[in-house]
Protein chains: 2
Amino acid sequence: MEQRRADSIAEELEELIFAGTYRDGDRLDEMRLAEQFGVSRTPLREAFQRLALSGLVELIPRRGAFVRQPGPVELMEMFEVMAELEATCGRLAAMRISDAALDELRSANANCKAAVEVQDCDAYYTENERFHRIIYQQSGNRFLEQETAKLHKRLKPFRRQQLRFRGRMAQSMAEHEAIVDALVQGDAAGAGEALRAHVAVQGEKFHNLMASLQSAAE
Amino acid sequence: MEQRRADSIAEELEELIFAGTYRDGDRLDEMRLAEQFGVSRTPLREAFQRLALSGLVELIPRRGAFVRQPGPVELMEMFEVMAELEATCGRLAAMRISDAALDELRSANANCKAAVEVQDCDAYYTENERFHRIIYQQSGNRFLEQETAKLHKRLKPFRRQQLRFRGRMAQSMAEHEAIVDALVQGDAAGAGEALRAHVAVQGEKFHNLMASLQSAAE
DNA sequence: GTCAATCGTTTTGTATACAAGATAAGAAAT
DNA sequence: ATTTCTTATCTTGTATACAAAACGATTGAC
């Protein structure tokens, strides 16, 4: 983007927000954070703008920057859109994917399988990420690739929790196989549907999690 | 967003970029524009950040802000994504749309029809905008609505040219009728397909335009 | 004559200072 | 006692000043 300072600050703040350090509605104090990062207010304000761009904070005129954590409803909505974008990537990729990329997918999938066997969530997550990114790229639509990757990144912290559900990794794995099969056969509709379902189930799982948290709170 | 100054400047610059005042790659001179708008560099820089967020300018560190006009390829890509998003809105809206919203759609469509008869592109455009926005809203997914509206806005200047093609308004009109029919019947797949085609044809028309411009240049 | 290096100018990035609006607290009036 | 108005403080928005980096031009060397 622009300068080094504001950029790294934006990233650090992003991490903090993702990590849940700030709650929804928390105000980000310019002066306090400026002191904390050892910079003036100027680069901090630029960082705020970036975060506002990705929807992580809301900038209210004359009031300040407020952390904007998506609620359950918004998260479900985001997963719904994510499912569509991924489905589109899959449909296009089925027609355009290269043999080299197919090999890459198989490799990522093999690594996933290994991670499932030793129940290594982190390793699974990394390879899963690679798997999906390849499909975005192979859609042959750079704009779609970027938009999908953007939303993927934003949903990252919520997707990560999914894998800790019992049996989710194995299920996810099976879905990956189905996706690759459809892509190999150039089955556009099938690949799209497989990806849509693969992502949509995450939204549903999340919904379940929310529901269980809510009932536990009662 | 944040303050009034930077916001209005961002909008004005956006208009200027949309209007084609700046070519792709043009550098936006901070000091010159600051003087022109009668403000200091600070709010201008904030405006640049906003424009970078929507992809209209690229901020290169230590170099400045450069106008980023999408080329033919990127435009086609954007229309392709737009078609998918609209199709998704339509599919969801088919299940969730209210009777009041259906009436609104019919009203917008009637106004469109009137505009076609007097060949009033601007009036058609305004009502067309309303038509689509209603569908976004009726998807019942606020996040989807916002993202779709964002891309819609970004494609606005390019879509507008479409209507001047001979017969495009009438064709567009017929497509609108088909969309409303599908929504009335609650035909999710039909509504999705109708919208996808309705938007995709714009991308193709644009492609034709580009091709004709290119061959004219030879 | 051409290429490279250095110096100067221009422009971006950051800090600080100032102004204006917002919030909150206290005082006065009902 | 409660409510409202006023005032004081705090925070944001904007301007200016300063530092550092990039670009260009000129000069020197090969």
Side-chain angles (χ1 to χ4, degrees), chain A residues 1-18 20-70 150, chain B residues 1-18 20-70 150:
Chain A
M1 286 288 200
E2 193 153 288
Q3 72 282 31
R4 211 176 58 270
R5 209 57 124 177
D7 212 8
S8 61
I9 289 172
E11 267 180 62
E12 279 193 61
L13 281 175
E14 194 176 283
E15 289 295 323
L16 286 174
I17 293 172
F18 277 163
T21 312
Y22 298 102
R23 299 221 163 267
D24 185 59
D26 281 3
R27 187 175 132 271
L28 295 173
D29 192 309
E30 282 183 10
M31 293 201 290
R32 223 179 63 92
L33 286 169
E35 202 172 357
Q36 201 166 315
F37 282 106
V39 296
S40 83
R41 281 171 52 217
T42 313
L44 254 174
R45 288 174 64 84
E46 304 224 345
F48 286 173
Q49 300 261 356
R50 309 246 177 116
L51 295 175
L53 228 29
S54 31
L56 275 79
V57 309
E58 190 175 4
L59 263 40
I60 302 179
R62 300 267 171 211
R63 296 285 304 277
F66 295 84
V67 174
R68 177 101 173 59
Q69 294 280 19
K150 207 189 290 177
Chain B
M1 287 290 195
E2 192 153 290
Q3 73 282 30
R4 211 177 59 269
R5 208 58 122 173
D7 213 8
S8 60
I9 289 172
E11 268 181 61
E12 280 194 61
L13 281 175
E14 194 176 284
E15 289 294 324
L16 286 174
I17 293 172
F18 277 164
T21 312
Y22 299 102
R23 299 222 161 268
D24 184 60
D26 281 3
R27 187 175 133 269
L28 295 173
D29 192 309
E30 281 184 10
M31 294 201 288
R32 222 178 64 91
L33 286 169
E35 201 173 356
Q36 201 166 314
F37 281 106
V39 297
S40 82
R41 281 172 51 216
T42 313
L44 253 175
R45 288 174 63 85
E46 305 223 343
F48 285 172
Q49 301 262 355
R50 308 250 175 111
L51 295 176
L53 224 32
S54 30
L56 275 80
V57 308
E58 190 176 3
L59 263 41
I60 302 179
R62 301 271 173 208
R63 296 286 304 276
F66 295 84
V67 175
R68 179 102 171 61
Q69 294 279 20
K150 207 189 291 177

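Letters A, B, ... mirror the listed sequences (proteins, then strands); counts begin at 1.
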Practice task
Sort out for me which residue in A:Glu46, A:Arg45, A:Gln49 forms a side chain to side chain donor-acceptor pair (under 3.5 Å) with B:Gln49.
Solution key: A:Glu46
Handout entry: Sugar-phosphate, base or nothing in reach of A:Arg32, heavy atoms under 4.0 Å
Key = nothing
Exercise for the section: Let me know the distance between CG of A:Leu44 and C1' of C:dG13, rounded to the nearest Å. Expected result: 14 Å
Practice task
May I have the distance from A:Glu30 (atom CD) to D:dT11 (atom P), rounded to whole angstrom?
Solution key: 10 Å
Practice task
Estimate the overall bend of the helix from C:dG1-D:dC30 to C:dT30-D:dA1 from the end axes over five pairs each, rounded to 10 degrees.
Solution key: 10°
Handout entry: Interatomic distance, B:Arg45 CZ vs D:dT14 C1' [rounded to whole Å]
Key = 14 Å
Handout entry: Point-to-point distance, once rounded to the nearest 0.5 Å, from CG of B:Leu28 to CD1 of B:Ile17
Key = 6.0 Å
Handout entry: Contact under 4.0 Å: A:Arg63 side-chain N or O vs D:dG13 OP1/OP2
Key = no
Exercise for the section: Map B:Met31 and A:Gly38 onto DNA chain C by nearest heavy atom, then report which one ends up closer to the 5' terminus. Expected result: B:Met31
Practice task
Would you kindly give the CD-to-P distance between B:Glu35 and C:dT10, to the nearest whole Å?
Solution key: 15 Å
Problem - Rounded interatomic separation in angstrom, taking CG from A:Asp29 and P from C:dA22 - result: 18 Å
Exercise for the section: Measure from CZ on A:Phe66 to C1' on D:dT11 and round the result to the nearest Å. Expected result: 11 Å
Handout entry: D:dG13 base / A:Arg41 side chain donor-acceptor hit below 3.5 Å
Key = yes
Problem - Flag for A:Arg23-A:Gln69: side-chain donor and acceptor within less than 3.5 Å - result: no
Problem - C:dT14 phosphate, OP1 or OP2, under 4.0 Å from A:Thr42 side-chain N/O - result: no
Handout entry: Exceeds 12 heavy-atom contacts within 6.0 angstrom, atom CD of B:Gln36
Key = yes
Fill in the blank from the handout: Among C:dT16, C:dT12, D:dT14, the one nearest any side-chain atom of A:Ser40 is C:dT16
Handout entry: CZ on A:Arg41 to CD on A:Glu30, rounded to 0.5 Å
Key = 4.5 Å
